[in-house]
Engineer: 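Quick one: this structure, given as structure tokens, is what I'll be asking you about.
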Amino acid sequence: MKSKNIISLTIAFAFLAIAITGILLYIKQKSHAAEITHTIFGLIFIGFAIFHIVNNWSSITGYSKERKSGKIQKELIVASAIFGIVLIGSVTEVFEPIAEAGRVFAKKRQRPEALSFEEIKTNQDSKGTALRVLVEKNKETEMPVVAIWVEDSTHKFVENLYVPAKEAQAPKSEEEAREGKFEFSDFKPESLPTWQAKTTSKLPLSEKDTPHENFVVNSKTTAKGTFYVLLEVKSKDKTEVYEAKVSGGISKLSSKDNSLIKSGLVEIL
């Protein structure tokens, strides 16, 4: 076997793989397999291309200069000019429209829906540790009733972080429901049995009902060291209790089913 033939054939196959995966990447079909294949064969192409250049150095220098006079060939000037123009155009992003033209073949991706959170402030006069509780509800969770409180490392009640003053109820007519008109009643502690059994204060920390969409509670706690933040939520006839062990940074609220709250986070500020 001739090494020169092996090198040439390997370069040809590597070029074929690079060309195919390069087209896929150009039209934004960026699968992980395509990226890996393109990278591996690119490295193979570079390695064997070096051997090819070394084995054919005399021919390459012949393309560049005239053997007798040593005068630079026009082909070298043209090739160098093309290389320089493409390099400068790429680095300066002048050729970006060409590089990004393949996006017309890419699948259109839906942008993730931007989330908004209603802000609630409680315990602002406290001298305790500032924290934030972010609550993102599931779309199926309607007219939630929520209480949030803190327990120490032994699960002894410390204080409330959020207690609503009202409860929203479904309107009697469909027309009022479509218009978003709800009926309200005073918050009933028995709506949240776990919180009711734990709390030592049933005073509301908000003047309204629990927000119907996502919300964030900025509050303070006097708890020290490691403690627990608990959230009880009721929607229709279902009630869930979420818990997060907090010792600093960001902690995740979770429950057994995780069916009413999509995401809950506790952040020490």
Side-chain angles (χ1 to χ4, degrees), residues 115-168 184-269:
L115 296 177
S116 60
F117 291 81
E118 180 179 337
E119 184 181 16
I120 300 171
K121 293 183 178 182
T122 64
N123 300 339
Q124 295 302 300
D125 295 332
S126 173
K127 295 183 180 180
T129 302
L131 54 75
R132 177 184 296 141
V133 182
L134 291 97
V135 180
E136 179 187 356
K137 74 176 190 68
N138 282 325
K139 292 183 178 179
E140 297 77 15
T141 304
E142 298 179 355
M143 293 177 293
V145 180
V146 172
I148 306 173
W149 70 99
V150 174
E151 296 180 4
D152 64 17
S153 58
T154 63
H155 280 289
K156 182 179 179 181
F157 179 84
V158 177
E159 64 209 336
N160 290 315
L161 297 180
Y162 173 75
V163 180
K166 302 289 183 180
E167 290 185 27
F184 298 94
S185 62
D186 291 337
F187 168 64
K188 302 178 183 63
E190 57 268 24
S191 298
L192 303 173
T194 301
W195 170 79
Q196 183 185 26
K198 286 278 190 176
T199 187
T200 59
S201 173
K202 296 180 174 64
L203 294 175
L205 295 178
S206 172
E207 297 178 353
K208 303 186 299 181
D209 62 316
T210 302
H212 296 190
E213 300 299 330
N214 307 323
F215 65 96
V216 54
V217 177
N218 286 309
S219 189
K220 293 181 180 180
T221 179
T222 57
K224 304 294 183 180
T226 299
F227 58 89
Y228 295 89
V229 171
L230 292 97
L231 178 152
E232 187 171 13
V233 53
K234 178 184 178 182
S235 177
K236 296 181 180 178
D237 296 327
K238 186 167 185 178
T239 303
E240 281 186 347
V241 177
Y242 290 75
E243 180 179 305
K245 186 177 182 180
V246 181
S247 57
I250 298 176
S251 305
K252 183 178 180 181
L253 286 161
S254 60
S255 73
K256 183 178 179 181
D257 297 328
N258 291 314
S259 61
L260 297 179
I261 300 298
K262 183 177 180 181
S263 176
L265 298 175
V266 180
E267 181 183 7
I268 299 297
L269 302 177

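Small disclaimer: the values here were computed from a predicted structure and weren't measured.
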Engineer: If you look at every heavy atom in T210 and P144, which pair is closest and at what distance?
Structural biologist: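 For T210 versus P144, the nearest heavy atoms are CB-O, 3.2 Å.
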Engineer: Tell me the closest heavy-atom pair linking V158 and D152, and the distance in Å.
Structural biologist: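 Closest heavy-atom pair between V158 and D152: CG2-N, 3.5 Å.
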Engineer: Any side-chain to backbone donor/acceptor pair from N214 onto K137? Under 3.5 Å, distance only.
Structural biologist: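 Judged by distance alone, yes, a pair lies under 3.5 Å.
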Engineer: Answer yes if the side chains of S219 and T122 hold a donor-acceptor pair under 3.5 Å, and no otherwise.
Structural biologist: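 Yes, T122 and S219 have a side-chain donor paired with an acceptor closer than 3.5 Å.
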Engineer: Can you list the steps and then say if V241 with L230 is a side-chain contact (heavy atoms from CB on, under 4.5 Å)?
Structural biologist: CA-CA 7 Å; V241 177; L230 292 97; 4.2 Å; yes
Engineer: Examine distances only and state if a side-chain atom of S191 and a backbone atom of K188 form a donor-acceptor pair shorter than 3.5 Å.
Structural biologist: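 Answer holds: yes.
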Engineer: Please step through side-chain contact (heavy atoms from CB on, under 4.5 Å) for the pair L192 and K234, ending with a clear verdict.
Structural biologist: CA-CA 7 Å; L192 303 173; K234 178 184 178 182; 3.9 Å; yes
Engineer: Looking only at heavy atoms, which two atoms of N258 and N138 are closest? And how far apart?
Structural biologist: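 Taking every non-hydrogen atom into account, O-ND2, 4.0 Å.
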Engineer: Calculate, to the nearest 0.5 Å, the distance between atoms CH2 and OG1 belonging to W149 and T199 respectively.
Structural biologist: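 Atom-to-atom, W149:CH2 and T199:OG1 are 8.5 Å apart.
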Engineer: Can you pull the salt bridge (Lys or Arg N to Asp or Glu O under 4.0 Å) pairs that have at least one residue in residues 192-212, sequence neighbours excluded?
Structural biologist: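 Sorted result for residues 192-212: E118-K208, E151-K198.
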Engineer: Using the side-chain contact (heavy atoms from CB on, under 4.5 Å) rule, take V266 and R132 through it: C-alpha gap first, then chi angles, then the decisive distance, then the call.
Structural biologist: CA-CA 6 Å; V266 180; R132 177 184 296 141; over 6 Å; no
Engineer: Which residues satisfy the side-chain hydrogen bond (donor to acceptor under 3.5 Å, both in side chains) test with T222, sequence neighbours excluded?
Structural biologist: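 Per chain and number, T222 pairs via side-chain hydrogen bond (donor to acceptor under 3.5 Å, both in side chains) with E159.
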Engineer: Which residue pairs pass the salt bridge (Lys or Arg N to Asp or Glu O under 4.0 Å) test when at least one of the two sits in residues 236-248, sequence neighbours left out?
Structural biologist: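 Only E142-K236, K238-E240 qualify under salt bridge (Lys or Arg N to Asp or Glu O under 4.0 Å).
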Engineer: If you look at every heavy atom in A244 and S251, which pair is closest and at what distance?
Structural biologist: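 In this case the closest contact between A244 and S251 is CB-CB, 4.1 Å.
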Engineer: How many angstroms lie between CG in L205 and CD in Q124, if you round to the nearest 0.5 Å?
Structural biologist: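 One gets 11.0 Å once the value is rounded to the nearest 0.5 Å.
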Engineer: Could you tell me whether the side chain of I148 reaches within less than 4.5 Å of the side chain of V217, counting heavy atoms only?
Structural biologist: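 Yes - at least one pair of side-chain heavy atoms lies under 4.5 Å apart.
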Engineer: Taking the side chain as C-beta and beyond, is there a heavy-atom pair between N160 and W195 under 4.5 Å?
Structural biologist: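 The answer is yes, as the side chains (C-beta and beyond) meet within the 4.5 Å cut-off.
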Engineer: At their closest point, which heavy atom of F187 faces which heavy atom of V163, and how far apart are they?
Structural biologist: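 Nearest pair, atom of F187 first, then V163: CE2-CG1, 3.8 Å.
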Engineer: State, with a plain yes or no, whether a side-chain heavy atom of V233 is found less than 4.5 Å away from one of I261.
Structural biologist: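 Yes, their side chains come closer than 4.5 Å.
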Engineer: Starting at OG1 of T141, measure out to CG of L260 and round the result to the nearest 0.5 Å.
Structural biologist: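 The distance works out to 4.5 Å.
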Engineer: Using modelled atom types and a 3.5 Å cut-off, is there a donor and acceptor pairing between side-chain atoms of E136 and backbone atoms of S263?
Structural biologist: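 No; zero donor-acceptor contacts below 3.5 Å.
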Engineer: Can you sort out the partners of D186 under salt bridge (Lys or Arg N to Asp or Glu O under 4.0 Å), two or more places apart, ordered by chain and number?
Structural biologist: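 Listed in chain order: K166.
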Engineer: Will you find, in the side chains of S255 and D257, an N or O donor that is under 3.5 Å from an N or O acceptor?
Structural biologist: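 Short answer, no.
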Engineer: If the condition is salt bridge (Lys or Arg N to Asp or Glu O under 4.0 Å), which residues does K121 pass it with, not counting sequence neighbours?
Structural biologist: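 Result, salt bridge (Lys or Arg N to Asp or Glu O under 4.0 Å) vs K121: none returned.
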Engineer: Does a sphere of radius 6.0 Å around NZ in K156 hold more than 12 heavy atoms from other residues, nucleotides or ligands, not counting ones at 6.0 Å or beyond?
Structural biologist: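 No.
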Engineer: Any ring-ring contact (aromatic ring centres under 6.0 Å, His included) involving residues 213-250? Give me the pairs, sequence neighbours left out, ordered by first then second residue.
Structural biologist: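 Residue pairs with at least one partner in residues 213-250: H155-Y228, Y162-F215.
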Engineer: So, do L161 and L231 sit near enough that their side-chain heavy atoms are less than 4.5 Å apart?
Structural biologist: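 No, side chains not in contact.
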Engineer: Within a strict 4.5 Å, meaning less than it, do heavy atoms of the I268 and V246 side chains meet?
Structural biologist: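 Yes, at least one pair of side-chain atoms sits under 4.5 Å.
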Engineer: Considering non-hydrogen atoms only, spot the tightest contact between K252 and L265 and give its length.
Structural biologist: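 Taking every non-hydrogen atom into account, CA-CD2, 4.1 Å.
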Engineer: The test is side-chain contact (heavy atoms from CB on, under 4.5 Å); show your working for I120 and N218 and say whether it passes.
Structural biologist: CA-CA 6 Å; I120 300 171; N218 286 309; over 6 Å; no
Engineer: Does some side-chain heavy atom of K220 sit less than 4.5 Å from a side-chain heavy atom of T129?
Structural biologist: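 When only atoms from C-beta onward are counted, K220 and T129 do not touch, as no gap falls below 4.5 Å.
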Engineer: Below 4.5 Å, heavy atoms only, C-beta onward: do V216 and V133 meet side chain to side chain?
Structural biologist: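 SC-SC contact between V216 and V133 ruled out.
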Engineer: Quick one: do the E213 and S116 side chains pair a donor with an acceptor below 3.5 Å?
Structural biologist: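 Not at all, the side chains of E213 and S116 share no donor-acceptor pair under 3.5 Å.
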